[in-house]
Asks: 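What follows is a structure written as structure tokens; I'll ask about it next.
Chain letters run A, B, ... following the sequence lines, proteins first and then strands; every chain starts at 1. What you see is a predicted model, and the numbers here were worked out from it, not measured in a lab. All heavy atoms count here, side chains included; hydrogens, waters and symmetry mates do not.
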Amino acid sequence: MVNPAGPPARPFDDDPLFGDAVPAPGPKPGGIAARALGHGRQPVYLEGLNPEQRRAVETVEGPVLVLAGAGTGKTRVLTTRIAHIIASGLAQPYQILAVTFTNKAAREMKHRIAALIGGSAEGMNWLGTFHAIGTRILRRHAELAGLRSDFTILDTDDQLRLMKQIIQAENLDEKRWPARQLAQLIDGWKNRGLTPDKVPAGDGAGFANGRGQALYALYQARLKMLNATDFGDLLVEPIRIFRQHPDVLADYQRRFRYMLVDEYQDTNTAQYLWLRLLAQNNTNICCVGDDDQSIYGWRGAEVDNILRFERDFPGAVVIRLERNYRSTAPILAAASHLIAHNEGRLGKTLFTEARDPEAAPVTVASAWDSTEEARSIGDEIESLQRKGESLDQIAILMRASFQMREFEDRFVTLGLPYRVVGGPRFYERAEIRDALAYFRATVQPADDLAFERIVNTPRRGLGDATLQICHDFARARQMPLMAAAAHLVETDELKPKARTTLRALLQAFAHWRSLLDDKPHHEVAEIILDESGYTEMWKQDRSADAPGRLENLKELIRSMQDFESLAGFLEHIALVTDTENEAGQEAVTLMTLHAAKGLEFNTVFLPGWEEGLFPHQRALDEGGRSGLEEERRLAYVGLTRARRRAYVWFASNRRVHGLWQTTVPSRFLDELPEAHVEVRESGGAGGYGGYGASRFDRSDSFGSSYSTPGWERARERTREAGAGGRAGGRPLSGPAQRLRGGATIEGELVAKSVVENPSAFTKGGRVFHQKFGNGTVAAIDGNKLTVDFDKAGRKKVLDSFLERL
DNA sequence: GGATCTTTACTTTTT
DNA sequence: GTAAAGATCC
């Protein structure tokens with residue numbers, strides 16, 4: 001749910017479609033219009049829009065596709081368009097359907113609309129993510145999907161456990177047919193909007209000897225029994241309802257006078273079908289997107305949806321937004337030139353009116369290995385910092401998250417504050433999920449998965465044996481686990497000890513449930529965690545992260561207070577997997593390219609442009625040409641995040657699955673326009689395009705400066721650590737701010753020394769290299785050696801490539 | 001039930 | 001190489 005103030009405690013609120021036809025509270029259209037219309041001239045909200053943007057805002061009737069290139073004011077158009085529709089009295093806020101992919105985007109839209117039309121976006125009940133809106137629809141017509149309206153939404157973890165149970169129940173070898181794989185298969189079907197009966201014959205024949213489809217059906221049946229859905233169902237079930245109940249569909253079609261879709265290039269087939277159904281009789285649909293920024297094909301997004309728009313919606317008006325307000329001319333030129341290598345795009349040419357003679361070209365630089373890459377980028381960031389650039393305006397965007405580690409290590413050493421975006425989420429942590437399972441089982445006694453998760457957490461002697469008996473009993477009688485347990489404690493099927501414990505647990509749940517009637521839910525939540533012994537369990541835990549976990553639990557209770565009820569809170573977190581990242585201190589941002597979409601920074605570093613990593617080998621292997629094109633779009637997204645400076649890096653050596661490998665610079669480098677790119681080459685030799693081994697022969701590639709502020713800081717820190725107690729403490733203003741994003745760096749503040757075995761090689765010693773032959777060691781720097789090869793001359797090589805002679 | 005050994009993956013990830 | 005999850009052993 002997007003709006004924490006409106007949890008589903010009252011799922012059918014102020015909705016004329018199903019209740020009384022009372023218009024949403026709030027200002028009448030005339031009132032808003034009067035305010036927004038300035039003084040009889042054009043409405044204030046239209047001021048400052050360029051002609052294309054204005055056209056996209058004002059063309060409200062009929063299908064419209066807005067192709068919005070990076071940084072062309074997409075969100076502005078979307079929000080202004082909604083404001084315009086409301087202010088002109090064309091529709092009430094609740095008659096507008098506006099869908100986004102992420103909660104963040106929905107939130108931002110809400111804010112911006114409110115700012116535009118003055119007052120609030122109150123009444124925009126249908127602005128939200130596909131999933132939030134799908135949930136809303138499904139709760140209303142739950143009975144048509146074989147559910148009760150208080151159904152639970154399972155997360156991936158629950159899903160997986162459920163599938164595992166099904167695989168076991170079917171006597172399949174879980175090793176041979178892992179639940180993960182089944183989950184992927186079913187996910188794929190759901191992405192395509194396929195219910196078990198619609199799965200094409202032979203689809204997924206590779207799984208469990210063609211039983212995939214049957215397992216899917218079993219899984220769905222099991223979900224219904226648990227009164228639960230998974231994420232996919234939030235789309236697939238409404239589609240099914242729309243198809244099977246034309247009257248229901250017609251109601252929604254009547255209701256949604258205007259429809260808007262954000263990030264259309266990311267829609268999957270199910271989302272597309274959902275939209276098509278709703279737009280059948282009323283084609284006031286406006287999709288905004290950028291085919292060049294489609295980077296989620298791997299999870300079912302169909303770029304084709306956007307490419308096909310004009311065919312799907314005859315008479316569609318296509319509006320291109322190509323005027324970029326974000327980046328300098330060289331950055332745009334580089335990004336445009338790169339993306340032009342893709343075929344099958346709708347084609348846009350970004351331009352800017354900014355004519356900054358100082359604008360820096362895109363820089364391409366190289367490092368010997370990933371460690372040096374991190375070191376050099378760290379140095380560069382410090383130098384920018386000295387010039388007054390805010391760390392908040394600097395980001396390192398990488399292809400894969402494993403690349404982050406090297407940067408983290410380096411920044412910890414430098415004492416450079418950084419922030420990791422993404423990574424393990426708050427609500428996915430074990431302690432949070434355990435706590436939530438307690439709450440779920442309290443609110444929803446039929447939630448078997450929740451109950452199962454915590455019956456024996458903390459350990460109370462209710463192990464597999466007891467649970468198995470409960471399961472058998474429950475299955476035989478088709479009842480939830482807790483109900484089965486309630487029966488069993490009255491019999492002597494369980495061992496006396498287990499029986500007593502189980503009875504006490506069931507009584508505790510009943511007690512907590514009753515407390516909900518007369519105490520605020522967050523207090524009850526705290527009582528649950530205390531009385532169940534869960535808090536105590538972590539207090540007893542001596543491991544390093546136990547205090548953090550307790551802190552997280554406190555945070556969980558705190559955040560519950562913003563909600564009306566426990567059920568409302570649970571719904572919120574089922575749909576929202578992230579909490580706001582508080583800004584905190586200035587820090588460099590580290591994230592994946594995928595996570596960077598929609599963001600912008602003054603300075604962007606793009607490390608790891610090497611074949612195999614970027615474009616990623618697996619994307620090439622599995623996706624072929626289209627895989628490569630998606631990778632290229634990812635590169636395009638990366639470059640276009642930069643406002644003023646973009647630095648592209650590649651390393652000649654990188655550890656892949658534990659082994660050092662020599663890498664080849666990414667083909668994307670060759671696709672950058674020479675005129676707007678500067679190859680940083682201290683050696684001087686070799687022009688653009690020549691990334692041969694020769695470039696690494698320059699002698700200054702290792703020992704960089706040892707007088708940088710970071711190095712000084714690091715040295716001080718080492719001294720402090722040595723003097724004052726344990727070195728594991730968190731630096732006061734230092735890095736390690738993985739805000740909620742993941743584990744705080746416990747442990748070493750100083751990067752591990754690269755010197756593992758300094759005695760293995762000696763200066764002047766004779767060595768052998770596979771490629772360069774025999775040579776004499778001239779210098780040693782950690783695990784990097786300078787060797788004078790008899791035939792190949794002086795080279796810098798990693799010790800792992802050498803053999804002592 | 002806990003400790004230790006073994007296996008496995010290892011791109012991207014929202015809802 | 002590494003980390004987490006699973007399996008096995010005491």
Asks: For A:Phe130 and A:Leu634, find the nucleotide of DNA chain B closest to each by heavy atoms; which residue's nucleotide sits nearer the 5' end?
Replies: A:Leu634
Asks: Is there a donor in the side chain of A:Gln293 and an acceptor in the side chain of A:Tyr636, or the other way round, less than 3.5 Å apart?
Replies: no
Asks: Which nucleotide sits closest to the side chain of A:Thr129: B:dT15, C:dG1, B:dT11?
Replies: B:dT15
Asks: Using ring pair (Phe, Tyr, Trp, His ring centres under 6.0 Å) as the criterion, list what pairs up with A:Tyr296, not counting sequence neighbours.
Replies: A:Trp298, A:His594
Asks: If the sugar-phosphate is the primed atoms plus P, OP1 and OP2 and the base is the rest, what is the B/S/- string for nucleotides 1-7 of chain B, using protein heavy atoms under 4.0 Å?
Replies: SS-----
Asks: More than 12 heavy atoms of other residues, nucleotides or ligands under 6.0 Å from CG of A:Asp464: is that the case?
Replies: no
Asks: Using a strict threshold of under 4.0 Å (side-chain N to carboxylate O), is an ion pair present between A:Arg633 and A:Glu630?
Replies: yes
Asks: A:Glu237 CD to B:dT15 C1': how many Å, rounded?
Replies: 16 Å
Asks: With A:Trp649, which residues qualify under ring pair (Phe, Tyr, Trp, His ring centres under 6.0 Å), at least two apart?
Replies: none
Asks: Could you identify which residues of residues 295-303 of chain A place a heavy atom less than 4.0 Å from some atom of DNA chain B, listed by residue number, or say none?
Replies: A:Trp298, A:Arg299
Asks: Please determine which of A:Gln661, A:Glu406, A:Glu373 meets the side chain to side chain donor-acceptor pair (under 3.5 Å) test together with A:Arg654.
Replies: A:Glu373
Asks: Is A:Lys74 salt-bridged to A:Glu263, cutoff N-O under 4.0 Å?
Replies: yes
Asks: Sequence neighbours excluded, which residues qualify as ring pair (Phe, Tyr, Trp, His ring centres under 6.0 Å) partners of A:Phe614?
Replies: A:Trp609, A:Phe668
Asks: Is the cationic atom of A:Arg139 (NZ for Lys, CZ for Arg) positioned less than 6.0 Å from the six-membered ring centroid of A:Phe151 and within 45 degrees of its normal?
Replies: yes
Asks: What is the distance, rounded to the nearest whole Å, between atom CZ of A:Arg633 and atom C1' of B:dT12?
Replies: 13 Å
Asks: Expressed as a whole number of angstroms, how long is the span from A:Asp262:CG to B:dT15:P?
Replies: 13 Å
Asks: With stacking defined as ring centroids separated by under 5.5 Å and planes differing by under 30°, is A:His616 stacked against B:dT11?
Replies: yes
Asks: Rounded to the nearest angstrom, tell me the gap between atom CD1 in A:Ile137 and atom P in B:dT15.
Replies: 18 Å
Asks: What pattern of brackets, bars and dots sums up DNA chain B from 5' to 3', given Watson-Crick or G-U wobble pairs under 3.5 Å, [ ] for crossing pairs and | for another strand?
Replies: ||||||||||.....
Asks: Would you indicate, yes or no, if B:dT15 has its OP1 or OP2 atom less than 4.0 angstrom from a side-chain nitrogen or oxygen of A:Asn103?
Replies: yes
Asks: May I ask you to evaluate whether A:Thr592 reaches the phosphate of B:dT13, defined as a side-chain N or O under 4.0 Å from OP1 or OP2?
Replies: yes
Asks: Tell me, please, which residues at least two apart from A:Leu194 pass side-chain contact (heavy atoms from CB on, under 4.5 Å).
Replies: A:Trp189, A:Arg192, A:Lys198, A:Val199, A:Pro200
Asks: Side chain of A:His657 only, please: which of B:dT15, B:dT11, C:dA3 is the nearest?
Replies: B:dT11
Asks: Answer with yes or no whether A:Arg618 presents, from its side chain, a donor or acceptor under 3.5 Å of a partner atom in the base of B:dT12.
Replies: no
Asks: In residues 229-237 of chain A, what donor-acceptor pairs under 3.5 Å come from side-chain atoms, sequence neighbours left out?
Replies:
unit_1   : atom_1 : unit_2   : atom_2 : d
A:Asp230 : OD1    : A:Lys190 : NZ     : 2.9
A:Asp230 : OD1    : A:Gly232 : N      : 3.1
A:Asp230 : OD1    : A:Asp233 : N      : 2.9
A:Asp230 : OD2    : A:Lys190 : NZ     : 2.7
A:Asp230 : OD2    : A:Tyr219 : OH     : 2.8
A:Asp233 : OD1    : A:Lys190 : NZ     : 2.8
A:Asp233 : OD1    : A:Gln220 : NE2    : 3.3
A:Asp233 : OD2    : A:Lys190 : NZ     : 3.4
A:Asp233 : OD2    : A:Asp230 : N      : 3.4
A:Glu237 : OE1    : A:Arg240 : NE     : 3.1
A:Glu237 : OE1    : A:Arg240 : NH2    : 3.4
A:Glu237 : OE2    : A:Lys224 : NZ     : 3.0
A:Glu237 : OE2    : A:Arg240 : NH2    : 3.2

Asks: Listed by chain and number, what are the side-chain hydrogen bond (donor to acceptor under 3.5 Å, both in side chains) partners of A:Asp187, not counting sequence neighbours?
Replies: none
Asks: With sequence neighbours left out, write down each residue that passes salt bridge (Lys or Arg N to Asp or Glu O under 4.0 Å) with A:Glu600, or none if nothing qualifies.
Replies: A:Arg326, A:Arg643
Asks: Under 3.5 Å between N/O atoms: give me all the protein pairs with nucleotides 6-10 of chain C, atom names plus distance.
Replies:
unit_1 : atom_1 : unit_2   : atom_2 : d
C:dG6  : OP1    : A:Lys164 : NZ     : 3.4

Asks: For nucleotides C:dA5 and B:dT12, find the distance between their P atoms and express it as a whole number of Å.
Replies: 16 Å
Asks: Would you kindly compare A:Glu630 and A:Phe101 by the position of their nearest DNA chain B nucleotide and give the one closer to the 5′ end?
Replies: A:Glu630
Asks: Is the backbone N or O of A:Asp290 less than 3.5 Å from a side-chain atom of A:Ser294, with the two atoms forming a donor-acceptor pair by type?
Replies: no
Asks: Without decimals, in angstroms, what is the distance between A:Leu575 CG and B:dT15 P?
Replies: 9 Å
Asks: Between atom CD in A:Gln159 and atom C1' in B:dT15, what is the gap in whole Å?
Replies: 10 Å
Asks: For A:Gln184 and B:dT12, give me the distance from atom CD to atom P, rounded to whole Å.
Replies: 14 Å
Asks: Got a sec, which residues hit ring pair (Phe, Tyr, Trp, His ring centres under 6.0 Å) with A:Phe130, two or more places apart in sequence or on another chain?
Replies: A:Phe101, A:Trp274
Asks: Which one, B:dT13, C:dA3, B:dT15, comes nearest to the side chain of A:His594?
Replies: B:dT13
Asks: Give the rounded distance in Å between these two atoms: CD of A:Glu428 and P of B:dT13.
Replies: 11 Å
